[in-house]
Amino acid sequence: MHPHPSYSAQAIADLRKRYPLLTPLMALQPVSWFNPERAPVELALPALSLTAGDVADASRRLTRFARYFCAAFPETREQQGIIESPLRPIPAMQQAMAEHYGQPLGGSLLLKLDSQLPVSGSIKARGGIYEVLQHAEKLALKAGLLHLDDDYAKLHSEEFRDFFGRHAIAVGSTGNLGLSIGIIGARLGFRVSVHMSADARQWKKDLLRAQGVTVVEYDSDYSVAVARGRAQAEQDPLCHFVDDENSVQLFLGYAVAGERLKAQLAQQQIKVDKEHPLFVYLPCGVGGGPGGVAFGLKLAFGDAVHCIFAEPTHSPCMLLGVYTGLHDDISVQDLGIDNLTAADGLAVGRPSGFVGRTMAPMLDGFYTLEDEEMLFLLGLLARSEGIRLEPSALAGMPGPLRVLTETEGYRQRLGLTPARLARAHHLVWATGGGMVPAAEMEAYLAQAASAKPAAV
């Protein structure tokens with residue numbers, strides 16, 4: 001880990017001259033930035049250390065564990081032990097948004113309901129669960145307790161729980177990653193510690209403790225929770241630290257989503273190619289989840305998919321890192337931005353340098369939005385489609401508007417003609433909310449009722 005610089009007032013003034021978008025960013029104004037360095041996949045993919053083969057390996061591992069999930073989590077039996085979420089069109093929301101924003105969206109609006117992923121009800125059920133499975137398999141294979149052609153249902157036994165109980169897992173989290181790792185880790189038998197930042201919701205801490213997970217609370221933000229969790233794990237040779245900022249395994253777990261979405265779109269007879277582009281809007285915290293999913297999408301669809309990250313105005317860390325090229329060498333706090341947002345899963349001040357450097361050439365753009373807009377859209381979705389999500393899961397919803405109203409020449413540069421946009425599919429990745437308690441959801445809906453977002 002290289003030391004992170006802090007910036008003098010003069011250094012910040014110099015950065016603002018070089019990067020004009022920093023001025024509205026520091027004023028907490030919603031901004032959009034479309035990446036001029038976005039490269040075709042034939043140039044971008046070969047430059048990466050990760051390959052399609054790595055993602056295929058992750059996919060096979062998840063398939064091997066399907067029998068374990070059927071045994072340990074009965075709610076997964078309907079999908080034969082595969083952790084996957086529904087994809088559904090949301091035409092009533094599309095119409096409601098067109099009316100609210102005064103702008104027809106064109107094409108179709110789709111929702112990827114990772115809020116309904118089994119086990120932990122958020123996108124973190126992809127990467128977080130995958131990394132724990134990868135670690136468990138490695139330990140069991142090395143000990144001679146497991147072979148690749150075994151029925152993995154045997155892992156759901158006292159013998160394996162006793163074995164895994166000799167080992168520990170630690171993670172730093174704002175909430176959802178901790179939930180996914182805590183639930184699967186504890187079910188397997190690991191001793192799990194989740195280091196939680198000040199913005200983590202109380203119900204998530206309570207749920208983890210009920211699963212037998214040790215929750216360590218901090219008054220500081222996400223980066224401190226991660227650093228403390230990492231330091232504690234380093235003291236225990238039998239402790240595996242899940243590094244949300246730099247983990248390749250988390251990234252690969254998320255990336256499997258690409259091939260799965262491709263199969264779902266084909267099943268629904270939704271065509272994706274140059275003439276029928278797919279825009280995917282991904283809420284972004286530290287970057288691992290959206291980065292991994294975007295990597296999988298690029299492998300699945302090539303240049304026909306356009307990946308755009310969405311962040312709160314108070315926590316625009318990945319936009320800041322990629323836009324300036326400073327990645328994890330700068331934080332939002334360096335600019336005087338407070339990193340306080342209702343979208344607790346996105347409350348991250350310093351981005352993953354690994355994800356930023358890996359994915360920058362493949363990302364179309366970024367935008368920020370206010371908490372008020374997320375809350376307003378939370379209410380609009382609940383009223384129009386009967387779907388309830390947590391605030392951070394709505395960050396991707398205004399994405400189509402940002403694409404259709406940008407003025408920097410992005411659409412022309414990528415050949416996104418009006419005819420192609422009329423045939424486009426806009427997919428909002430609903431990253432979480434499936435486990436939010438009823439009382440908490442009612443409080444969100446009450447906030448949504450009084451939310452007054454600024455105009456686009």
Considering all heavy atoms of both residues, which atom of [X] and which atom of [Y] are nearest to each other, and what is their separation?
{"X": "Gly287", "Y": "Met318", "value": "CA-CE, 3.7 Å"}
{"X": "Trp33", "Y": "Val322", "value": "CZ3-CG1, 3.9 Å"}
{"X": "Gly178", "Y": "Leu208", "value": "O-CD2, 3.4 Å"}
{"X": "Ile330", "Y": "Pro351", "value": "O-CD, 3.6 Å"}
{"X": "Asp303", "Y": "Ala39", "value": "OD1-O, 4.4 Å"}
{"X": "Thr341", "Y": "Ser315", "value": "CG2-OG, 3.5 Å"}

Do any N or O atoms from the side chain of [X] and from the backbone of [Y] form a donor-acceptor pair under 3.5 angstrom?
{"X": "Thr76", "Y": "Phe73", "answer": "yes"}
{"X": "Glu385", "Y": "Met93", "answer": "yes"}
{"X": "Arg420", "Y": "Gly415", "answer": "yes"}
{"X": "Arg402", "Y": "Val31", "answer": "yes"}
{"X": "Gln79", "Y": "Glu84", "answer": "yes"}
{"X": "His314", "Y": "Asp371", "answer": "no"}
{"X": "Asn35", "Y": "Leu363", "answer": "yes"}
{"X": "Glu131", "Y": "Val242", "answer": "no"}
{"X": "Tyr281", "Y": "Met397", "answer": "no"}
{"X": "Lys298", "Y": "Val305", "answer": "yes"}

Does one side chain, of [X] or [Y], offer a donor that lies under 3.5 Å from an acceptor on the other?
{"X": "Ser85", "Y": "Asp114", "result": "yes"}
{"X": "Gln268", "Y": "Gln264", "result": "no"}
{"X": "Ser223", "Y": "Arg350", "result": "no"}
{"X": "Asn176", "Y": "Glu390", "result": "yes"}
{"X": "Tyr222", "Y": "Asn339", "result": "no"}

Tyr367 vs Glu311, side-chain hydrogen bond (donor to acceptor under 3.5 Å, both in side chains): CA-CA, chis, key distance, verdict: CA-CA 6 Å; Tyr367 66 86; Glu311 296 179 292; over 6 Å; no
Nearest 0.5 Å, please: how far is [atom2] in [Y] from [atom1] in [X]?
{"X": "Met359", "Y": "Leu48", "atom1": "CE", "atom2": "CG", "result": "7.5 Å"}
{"X": "Arg88", "Y": "Leu109", "atom1": "CZ", "atom2": "CG", "result": "11.0 Å"}
{"X": "Ile183", "Y": "Leu188", "atom1": "CD1", "atom2": "CG", "result": "12.5 Å"}
{"X": "Gln116", "Y": "Ile387", "atom1": "CD", "atom2": "CD1", "result": "7.5 Å"}
{"X": "Leu378", "Y": "Leu380", "atom1": "CG", "atom2": "CG", "result": "10.0 Å"}
{"X": "Cys70", "Y": "Tyr152", "atom1": "SG", "atom2": "OH", "result": "15.0 Å"}

Parallel, tilted or perpendicular, as decided by the 30° and 60° cut-offs, for the rings of Phe65 and Tyr68: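 Correct class here is perpendicular.
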Verdict with reasoning, Gln333 to Asp221, per side-chain hydrogen bond (donor to acceptor under 3.5 Å, both in side chains): CA-CA 11 Å; Gln333 290 94 335; Asp221 80 348; 2.7 Å; yes
From CA spacing to verdict: side-chain hydrogen bond (donor to acceptor under 3.5 Å, both in side chains), Glu259, Ser59: CA-CA 9 Å; Glu259 64 177 42; Ser59 180; 2.7 Å; yes
Derivation and outcome, salt bridge (Lys or Arg N to Asp or Glu O under 4.0 Å), residues Lys204 and Asp344: CA-CA 11 Å; Lys204 294 181 184 180; Asp344 52 291; 3.2 Å; yes
Salt-bridge present (Asp243, Arg230; N to O < 4.0 Å):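 Answer for the salt bridge query: yes.
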Charged N-O contact under 4.0 Å between Lys452 and Glu372: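 Salt bridge absent between Lys452 and Glu372.
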Report the residue from [options] that forms a side chain to side chain contact (heavy atoms under 4.5 Å, CB included) with [X].
{"X": "Lys124", "options": "Leu179, Ile129, Asp244", "answer": "Asp244"}
{"X": "Phe34", "options": "Glu406, His306, Glu408, Arg411", "answer": "Glu406"}
{"X": "Asp14", "options": "Arg16, Arg18, Gln10", "answer": "Gln10"}

Glu78 atom CD: more than 12 heavy-atom contacts under 6.0 Å: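 No, CD of Glu78 has 12 or fewer neighbouring heavy atoms, counting only those of other groups under 6.0 Å.
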Arg67 atom CZ, neighbour heavy-atom count above 12 within 6.0 Å: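 Open: at most 12 neighbouring heavy atoms sit under 6.0 Å from CZ of Arg67.
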Proximity of Phe354 and Phe251 rings by center, below 6.0 Å: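 Yes: the rings meet the under 6.0 Å criterion.
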Ring centroid separation Tyr323 to Phe366 under 6.0 Å: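 Centroid distance Tyr323-Phe366: not below 6.0 Å, so no.
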Stepwise ring pair (Phe, Tyr, Trp, His ring centres under 6.0 Å) test for Phe190 and His240: CA-CA 10 Å; Phe190 287 100; His240 175 73; 8.6 Å; no
Set of residues satisfying ring-ring contact (aromatic ring centres under 6.0 Å, His included) with respect to Tyr7, sequence neighbours excluded: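 Expected list: none.
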Arg388 charged N/C atom sitting above Tyr444 aromatic ring, 6.0 Å / 45°: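 So Arg388 doesn't make the cation-pi contact.
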